[in-house]
Amino acid sequence: MAYEKELDAAKKAASLAARLCQKVQKALLQSDVQSKSDKSPVTVADYGSQAVVSLLLQRELISEPFSLVAEEDSADLRKEGSQDIIERITKLVNDTLATEDPLKPIDSTLSTDDILRAIDCGTSEGGPNGRHWVLDPIDGTKGFLRGDQYAVALGLLEEGKVVLGVLACPNLPLASIAGNDNKNKNSSSSEEKGCLFYATIGSGTYMQPLDSRSEPVKVHVSSVENPEDASFFESFEGAHSLHDLSSSIANKLGVKAPPVRIDSQAKYGALSRGDGAIYLRFPHKGYREKIWDHVAGAIVVTEAGGIVTDAGGKALDFSKGKYLDLDTGIIVANEKIMPLLLKAVRDSIAEQENASSL
């Protein structure tokens, strides 16, 4: 299989980073004294996740030039007063790496400088040439803080094209979340949860439990043809997407089910296995989409038979560096619904523009 070595490394890196995030989130949720304004747990998990992925990929793919486009750099960690945070991150990363293979002796304990260097490997700009790994170490930080959905999202670009994607979704139930009364499944649920989705170009999309070596299953997007029977996903946070516009589009399509609002690229994973049929994302004016928010999710959906485009119907272009230049937003559906969805999007946007110009 093409990209077998890279996929093995990516699955291992994302799974291990997710284990680190789970440990931090569990401690956060159990802490009665945790202040809502204290963002240090997500800071520790975010940087720790990026360090783990960076270190694992470089170790597993040692013979290849390494380029990582990622959300974080170490600038804030190098500021005065950050010693406590960086020491917590360093301990967490060392403890996490030690769990990878408990029988294997650890070569050496990583220092704070080692961790800062690993984080700063993520400062690549990407672009149309060569190979670039793309990482969101915690996609859905607000979901993470609430105890809800988040994902470790890792993809690989080759000559500007997405060729591989892995989504580790620690809180996503293994069973379908379709018809879940529109509630974000949170980590206190007793339902079995934790999903790993992965795809390589031309090979389909697979899902397996995050914390076991059980056999993966091939997944496919919903085959719904009538929009009235479809359900759609959108961002949990109104600040992240224009819910009013999504509602207008859903009304034009005749969608009867209420929107399913969940955080992060867990939406892409859920769509890839047919939990819903449509995903609508329309950021507020002036927001620029970053490639790490969509690289892994896009290939996971497209290899499962879905279509991912901007609001004008153009394929997403990940070759321009860290940002996506988009027409208005991102829409996802199967090939049967997509033409109807594009028309509803066009009509709804035109109506909004006409209304605002009056």
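Model, not experiment: these values are computed from the prediction.
With sequence neighbours excluded, the residues that form a side chain to side chain contact (heavy atoms under 4.5 Å, CB included) with Glu158 are Tyr3, Arg131, Val163.
The CD1 atom of Ile138 lies 4.5 Å from the CG atom of Asp46; values are rounded to the nearest 0.5 Å. Interatomic distance, Lys267 NZ to Leu167 CG, rounded to the nearest 0.5 Å: 11.0 Å.
Note: the hydrophobic cluster containing Phe66 also contains Leu164 (ILVMFWY, side chain heavy atoms under 4.5 Å, direct or indirect links).
Judged by distance alone, the side chain of Ser124 and the main-chain N or O of Ser67 form no donor-acceptor pair under 3.5 Å. Of the possible polar contacts, none joining the Glu234 side chain to the Arg281 backbone as a donor-acceptor pair under 3.5 Å is found. For Thr205 (side chain) and Val300 (main-chain N/O), a donor-acceptor pair under 3.5 Å exists by modelled atom type. With Ser247 contributing its side chain and Asp244 its backbone, the two residues share no donor-acceptor pair below 3.5 Å. Using modelled atom types, one side-chain atom of Ser82 and one backbone atom of Lys79 make a donor-acceptor pair closer than 3.5 Å.
For the 3.5 Å distance criterion, the side chains of Ser74 and Asp120 qualify, holding a donor opposite an acceptor. A donor-acceptor contact closer than 3.5 angstrom is absent between the side chains of Ser212 and Gln208. Checked by atom type, the side-chain pair Ser222/Asn334 shows no donor-acceptor distance below 3.5 Å. Using modelled atom types and a 3.5 Å distance limit, the side chains of Arg19 and Thr99 yield a donor-acceptor pair. Counted by atom type alone, Gln265 and His294 present zero donor-acceptor pairs between their side chains at under 3.5 Å. Side-chain contact check for Gln149 and Ser264: no donor-acceptor pair (N or O, by modelled atom type) lies under 3.5 Å.
A salt bridge links Arg146 with Asp263: at least one charged nitrogen is closer than 4.0 Å to a carboxylate oxygen. Using a 4.0 Å cut-off between a side-chain N of Lys or Arg and a carboxylate O of Asp or Glu, Lys314 and Asp325 do not qualify as a salt bridge. Between Lys5 and Asp8 no salt bridge is recorded (no basic side-chain N to carboxylate O distance below 4.0 Å). Ionic pairing of Asp113 and Arg117 is not present here: no N-O contact between side-chain nitrogen and carboxylate oxygen is shorter than 4.0 angstrom. One finds no salt bridge joining Glu71 and Lys322 here, because no Lys/Arg side-chain nitrogen approaches an Asp/Glu carboxylate oxygen to under 4.0 Å. With respect to the salt-bridge test (charged N to carboxylate O, under 4.0 angstrom), the residues Glu60 and Lys12 qualify. In this structure, Glu100 pairs ionically with Arg59, as a charged nitrogen and a carboxylate oxygen lie closer than 4.0 Å. Electrostatic pairing of Lys91 and Asp95 counts as a salt bridge here, judged by a charged N lying under 4.0 Å from a carboxylate O.
When all heavy atoms of Thr90 and Leu110 are compared, the closest pair comes out as CG2-O, 3.4 Å.
Relative to the six-membered ring of Tyr198, Lys11 meets both conditions, a distance below 6.0 Å and an angle of at most 45° to the axis. Taking the ring axis of Tyr323 as reference, the NZ or CZ atom of Arg288 stays within 45° of it and closer than 6.0 Å to the ring centre.
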Run the side chain to side chain contact (heavy atoms under 4.5 Å, CB included) check on Leu68 and His132 step by step: do they pass? CA-CA 6 Å; Leu68 178 65; His132 306 284; over 6 Å; no

Do Arg88 and Asp84 pass the side chain to side chain contact (heavy atoms under 4.5 Å, CB included) test, and can you show the C-alpha distance, the side-chain angles, and the key distance before you say yes or no? CA-CA 6 Å; Arg88 284 166 63 190; Asp84 175 55; 3.7 Å; yes

Hey, mind stepping through Asn171 and Gln25 against side chain to side chain donor-acceptor pair (under 3.5 Å) and telling me if it holds? CA-CA 11 Å; Asn171 288 337; Gln25 192 186 56; 3.1 Å; yes

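For the pairing with Ile349, the side-chain contact (heavy atoms from CB on, under 4.5 Å) check across Thr328, Ile249, Asn354 returns one residue only, Thr328. Screening Val308, Ile331, Ile278, Val332 for a side-chain contact (heavy atoms from CB on, under 4.5 Å) with Met338, the sole residue that qualifies is Ile331.
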